[in-house]
Every structure is written in C-alpha cells, then in structure tokens.
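Data first, discussion second: the structure below is written as structure tokens.
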Amino acid sequence: MATVISGKEVSQKVKGEVREKALALKEKGIEVGLAVVIVGDNPASRVYVNSKKKACEEVGFNSYEYALPEETTQQELLDLVEVLNNDEKVNGILVQLPLPKQIDENAIINAISPDKDVDAFHPFNVGKIMIGEYAFLPCTPAGIMELIDSTGVEIAGKSCVVIGRSNIVGKPMSMLLLHRSGTVTVCHSKTKNLKEICQNADILVAAVGRPNFVTGDMVKEGAVVIDVGINRMEDGKLCGDVNFAEAEKKASYITPVPGGVGPMTIAMLMKNTLTAAMIKNNITE
Ligand code: GUN
C-alpha cells in the first residue's frame, strides 16, 4: 500500500519559508504585492483566484484583485497589464486563464513584463526554463518536484513518464525532470502503447484532464504516482486523472486529489512572487 503524499503539509512548509522571508523584507521596508486579474465569472477560476488571494494573506503579501466583466476587450486587458507592469507596488501579475474567447491568451501573456511573470508563461521565461537558468519556476511542475523530493526518492537515472504535453504542465514538467537527470518520456493522445510505457515508469505524472485515466494495471510496482488532474464530476466531487484506489495498491508514494498537487501550485506562485520582489530590490538571500 502506498504512502499518501500530503500536498497540504508540503505546501504549508513552502509557504512558511516564504512568509519568513516576506517578514524579513518588511523589516527592510519592502512590501510584496501580487496583482490577480480575473475576467468573467468562470466558477472554477473564481475558486482559484480566491485561493491565491488567501495564500497572499497567509504569507504576508498584499494582493490586488482586478475583476473585469466577461465582455472585456483584448485592448482593455492589455491596457490594464500595462498599468500593472508600471505599478511599483505590484511585484507579480497573474492573469487567470482561461480568458473569454474574444481575447487572445498569448497576446496577454506576451504583454506581461517577464520580471513580473510569476506564472512563468512568457516566452522569455519559458526559454529560461528550457536552458535550466531560471528565476521563476513553472508553478505546477515546480510544486510536483517538491512533492517528489519530499519522498526522498532519487530522480537521477529513473524512468519518468509524463502523460500530457500542455504548455502549463506537461512540457515544463518534462524539462524539470530532465534537469534532474531523469530519463523522460512525454506521452499524449497519439502515443501508441501508452499502457506499456506507463508500466515502465518509476515516476509517473498524469496531467491528462480525464477522470480515472490511469488504471492500476498501468502502474509499476513501487512507482511514485503524481496526479495533476482536477476533474469536477457530476456529483460535484473532484476526481483526479488516476484511479486512486487501484493505483495505491501498487505505488510506493501517491498524491491524492484534492490535497495533492493543487495546494503546491499556489505555494510555488507565492515563492515566485517573493523572488520577483527580491530581484527587484537586489536582495540575494
Ligand atoms: N488556469 C489554470 N491554471 C492556471 C495557472 O497556473 N495560472 C493561471 N494564470 N491560470 C491558470
């Protein structure tokens, strides 16, 4: 039976460290600020934005919410981003995705100053991640690395399989594992022999967006299984991409949904916002 990795616990530890450093900055007269922008009223986005604001409070940051109506134009949002890029109180800018269909997400991401891009979505920061020289961590993959490290399992030389190739999770995840000398396979909807590839994984990261996609027979005995899925079921419950009941019988460590990867993403966002403030003020540790 697997040990369940508590994202709640690991995220508390990360946020505790961020809070200590934020307090030290406050003593120097420096306040840390995160601008959170939400367009429209997607209920899932509202939940995420509220969690991000709450996390800011926990670690002692100022948060500034900008809630814009569904019919906001791309130019109006670009204008707001420009204001925030120039706002001294704002160290990090988070524009919650997805955006309404009249707005091109890439145009917005490209407009955010790379120095304030705490999601690490701007092509400049994505490029930095590629070469392994980065200030901002891609939040979800970096949170997953913390979870894997919390188990004490070595990554170097291990067979790491990532299911999903999104810009937010799959691609940066594969890079971070590669930087730590994992042997990385990225699978997606066109992958042949998915089951066999997964059966070989010492570390399996599922970021597919399909409930219970990873079944017990796909999990290697003793594997570390990380479930990035947050699928809302008809009964309102959250369900991961991994069939937990089956996978936990074979894994050595496994993350639950909820309470696994989710809280880590927000903790890493706080870490990035702190980093932005430290860089801006030329503070190294
Ligand atoms: N929507 C879903 N995940 C994310 C995220 O990590 N950042 C932003 N800005 N929007 C999201």
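Residue numbers run from 1 in the order of the sequence given. As the structure is a prediction and not an experimental result, all values here were calculated from the model. For ligands, and for the atoms within them, numbers begin at 1 and follow the listed sequence.
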Report the part of [X] (side chain from C-beta onward, or backbone N, CA, C, O) that has a heavy atom under 4.0 Å from ligand 1; answer both or neither where that applies.
| X | value |
| --- | --- |
| D119 | side chain |
| Y48 | neither |
| V95 | backbone |

### Task
Please check atom 6 (O) of ligand 1 for a protein heavy-atom neighbour under 4.0 Å.
yes
### Task
Output yes when the distance from some N or O of ligand 1 to some N or O of L97 is under 3.5 Å, and no in every other case.
yes
### Task
Return yes or no for this condition: an N or O of Q96 is under 3.5 Å from an N or O of ligand 1.
yes
### Task
Check the side chains of R46 and N50 for a donor-acceptor pair under 3.5 angstrom, ignoring hydrogens and angles.
yes
### Message
Quick test of your reading of the model: are K250 and E221 salt-bridged, counting only N-O distances below 4.0 Å?
### Response
no
#### Entry: Linked hydrophobic residues, I197 as query - side chain contacts closer than 4.5 Å
V4, V161, I163, L194, L204, V208, F213, V214, M218, V219, V225, V242, F244, I254
### Query
Is the closest side-chain heavy-atom distance between L34 and L269 below 4.5 Å?
yes
### Query
Any chance NZ of K8 has more than 12 other-residue heavy atoms, nucleotides or ligands included, within less than 6.0 Å?
no
